[in-house]
**Q** 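Can you keep this structure in mind? I'll have questions shortly.
Bear in mind the structure is a predicted one, so any value in this text is a computation, not a measurement. Proteins come first, then strands; the chains are lettered A, B, ... in the order of their sequence lines, and each starts at number 1.
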2 protein chains.
Amino acid sequence: MKTIELNAASEARERLVELGGRTAQDLGLGRIAGQLLAYLYFQPAECSLDQIEQDLGLSKAAVSTAARQLEAFGLIRQVWKRGDRRNYYRTADNLGVAMQQGLMALVRSKLEAAGAEMDEIRSLIDEARRAERDASDLAFLHDRLKRANTLRERLAALLNSRIVKYLVR
Amino acid sequence: MKTIELNAASEARERLVELGGRTAQDLGLGRIAGQLLAYLYFQPAECSLDQIEQDLGLSKAAVSTAARQLEAFGLIRQVWKRGDRRNYYRTADNLGVAMQQGLMALVRSKLEAAGAEMDEIRSLIDEARRAERDASDLAFLHDRLKRANTLRERLAALLNSRIVKYLVR
DNA sequence: TTGAGGTTTCATAAATTTGTGAAAGATGAA
DNA sequence: TTCATCTTTCACAAATTTATGAAACCTCAA
């Protein structure tokens, strides 16, 4: 009987780890980071690097790098054990919140960067328009840029809206 | 005077194309597709493949591939001109809507795929739990999986919410 | 039907990303 | 301080992605 339980649990863990890896890959977080996060999330106790390394079949280097990446994002945290030199890791207590906030912050910063660049380009165009009487091409560019910016602003507004904050909490 | 206008316009276009490329890269759409889309969006008339190829400094092959990719997503469309064998392209009429719907659909399908896989794993666990009396590890996995699924469901609900549909319209 | 003008496919080159082993760098017990 | 143990860094190998040129493949006017 014991074997059945162990097999189901470990098969489930393996598949969840793989799913985490794929998802993280999609999000541009890197496969290993995703696998590590899923691994820890579905592990009942904190784990040492070498245990992780062995279970996931990865090199120490890869695990170490991914761990520090996840830690920087606030998704996992270290656990110190007295009398033990190893680093143990577990998922952050507020994992759900951290994930969502992190993702939102990432999207928001990209939107902002794009917005800043668009503003720059717009002022370039406006300046040229003032210096030039018949600048219909510039007027066209100006109009298109304005439309694109509207899109961007709507998206930003959505991210900041109260309902998103509520739903995503 | 004419030169000032031309310079400003072409510098603006160049920067917008680059911005489009970077953004698309981030979204996993591919740099060239993004450049092409931005190029067409900021072009007042439809363009032929060889004109695009020349302006963007890319090979015919790359442009051709990206164009069909964008067309498949409904972001650009072909324009036929009688007595001209070339393919001309322009951005879709409803570009904003198409972009948003496409992005939403993409996210939604990923969420669904992940959800389906999680369901499978959950039933694997449930089955094992029925066969095993003291399955505390399985109970733990079950609980975690449930929590993860709640997150996923919230996100899906958000995507389907009326306010998102409104804001993103 | 032919062939000129245009597009797409495909093998491969180039660039980028990812993962590793080995060595250097920490850390803490004795 | 020293030693044993663990972690991190780094140069490089492997894999993946991206872009190209050339050839195959369309399409239409004559």
**Q** Which one, D/dT20, D/dT18, C/dG19, comes nearest to the side chain of B/Gln25?
**A**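 Output: D/dT18.
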**Q** Does D/dT17 have OP1 or OP2 sitting under 4.0 Å from an N or O in the side chain of B/Arg31?
**A**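 Indeed not, no polar side-chain atom of B/Arg31 lies that close.
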**Q** Report the distance from atom CD1 of B/Ile52 to atom P of C/dT8, rounded to the nearest whole Å.
**A**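 Going from B/Ile52 (CD1) to C/dT8 (P), I get 11 Å.
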**Q** Taking OH in A/Tyr41 as the centre, count heavy atoms belonging to other residues, nucleotides or ligands within less than 6.0 Å. Is the count above 12?
**A**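 Result for OH/A/Tyr41: enclosed.
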**Q** Between A/Asp50 (CG) and D/dT7 (P), how many Å, whole number?
**A**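 Value for this atom pair: 6 Å.
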**Q** Tell me the interatomic distance from A/Leu49, atom CG, to C/dT27, atom C1', rounded to whole angstroms.
**A**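 Interatomic distance, CG of A/Leu49 to C1' of C/dT27: 14 Å.
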**Q** When the nearest nucleotide of DNA chain C is assigned to A/Gly83 and to A/Ala62 on a heavy-atom basis, which residue is associated with the more 5' position?
**A**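 Its nucleotide being nearer the 5' end, the pick is A/Ala62.
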**Q** Strictly below 4.0 Å: does A/Arg86 bring a side-chain N or O up to OP1 or OP2 of C/dT27?
**A**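 Indeed not, no polar side-chain atom of A/Arg86 lies that close.
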**Q** For A/Glu14, does the CD atom have more than 12 heavy-atom neighbours from other residues, nucleotides or ligands under 6.0 Å away?
**A**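 12 or below, so no.
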**Q** Looking at A/Arg13 and B/Asp137, is any side-chain nitrogen of the basic one under 4.0 Å from a carboxylate oxygen of the acidic one?
**A**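 Looking at B/Asp137 and A/Arg13, the cut-off is met.
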**Q** Strictly below 4.0 Å: does A/Ser64 bring a side-chain N or O up to OP1 or OP2 of D/dT8?
**A**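 For D/dT8, OP1/OP2 do have a side-chain N/O of A/Ser64 under 4.0 Å.
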**Q** Looking at the side chain of A/Tyr89, which of D/dT8, D/dG21, D/dT9 is the nearest nucleotide?
**A**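 Nearest listed nucleotide: D/dT8.
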**Q** Without decimals, in angstroms, what is the distance between A/Lys81 NZ and C/dA29 P?
**A**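 Going from NZ in A/Lys81 over to P in C/dA29 covers 16 Å.
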**Q** Whole-Å distance between D/dT17 P and B/Ile32 CD1?
**A**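 Checked: the CD1 to P distance equals 16 Å.
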**Q** Which of the following nucleotides, C/dG21, D/dT20, C/dG28, is nearest to the side chain of A/Ser59?
**A**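 Given the options C/dG21, D/dT20, C/dG28, the side chain of A/Ser59 is closest to C/dG21.
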**Q** Find the distance B/Asn87:CG to D/dT27:P and express it as a whole number of Å.
**A**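 Spelled out: CG on B/Asn87 to P on D/dT27 is 10 Å.
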**Q** Measure CZ/A/Arg82 against P/C/dA29 and give the value in whole Å, please.
**A**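 For the pair A/Arg82 CZ and C/dA29 P, the rounded distance is 9 Å.
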**Q** To the nearest Å, how far apart are B/Glu53 CD and D/dT20 C1'?
**A**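 Rounded to the whole Å, the gap is 11 Å.
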**Q** Of all the choices, C/dT9, D/dT9, D/dA19, which nucleotide is nearest to the side chain of A/Ala61 once you look at every atom?
**A**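 For the A/Ala61 side chain, the nearest candidate turns out to be D/dT9.
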**Q** Do B/Arg22 and A/Glu117 sit within salt-bridge range, that is, some charged N less than 4.0 Å from a carboxylate O?
**A**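 Yes.
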**Q** So does A/Arg85 reach the base of D/dA4 with its side chain, donor to acceptor, closer than 3.5 Å?
**A**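 Yes.
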**Q** Assess whether atom CE of B/Met118 is packed by more than 12 heavy atoms of other residues, nucleotides or ligands within 6.0 Å.
**A**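 Yes, enclosed.
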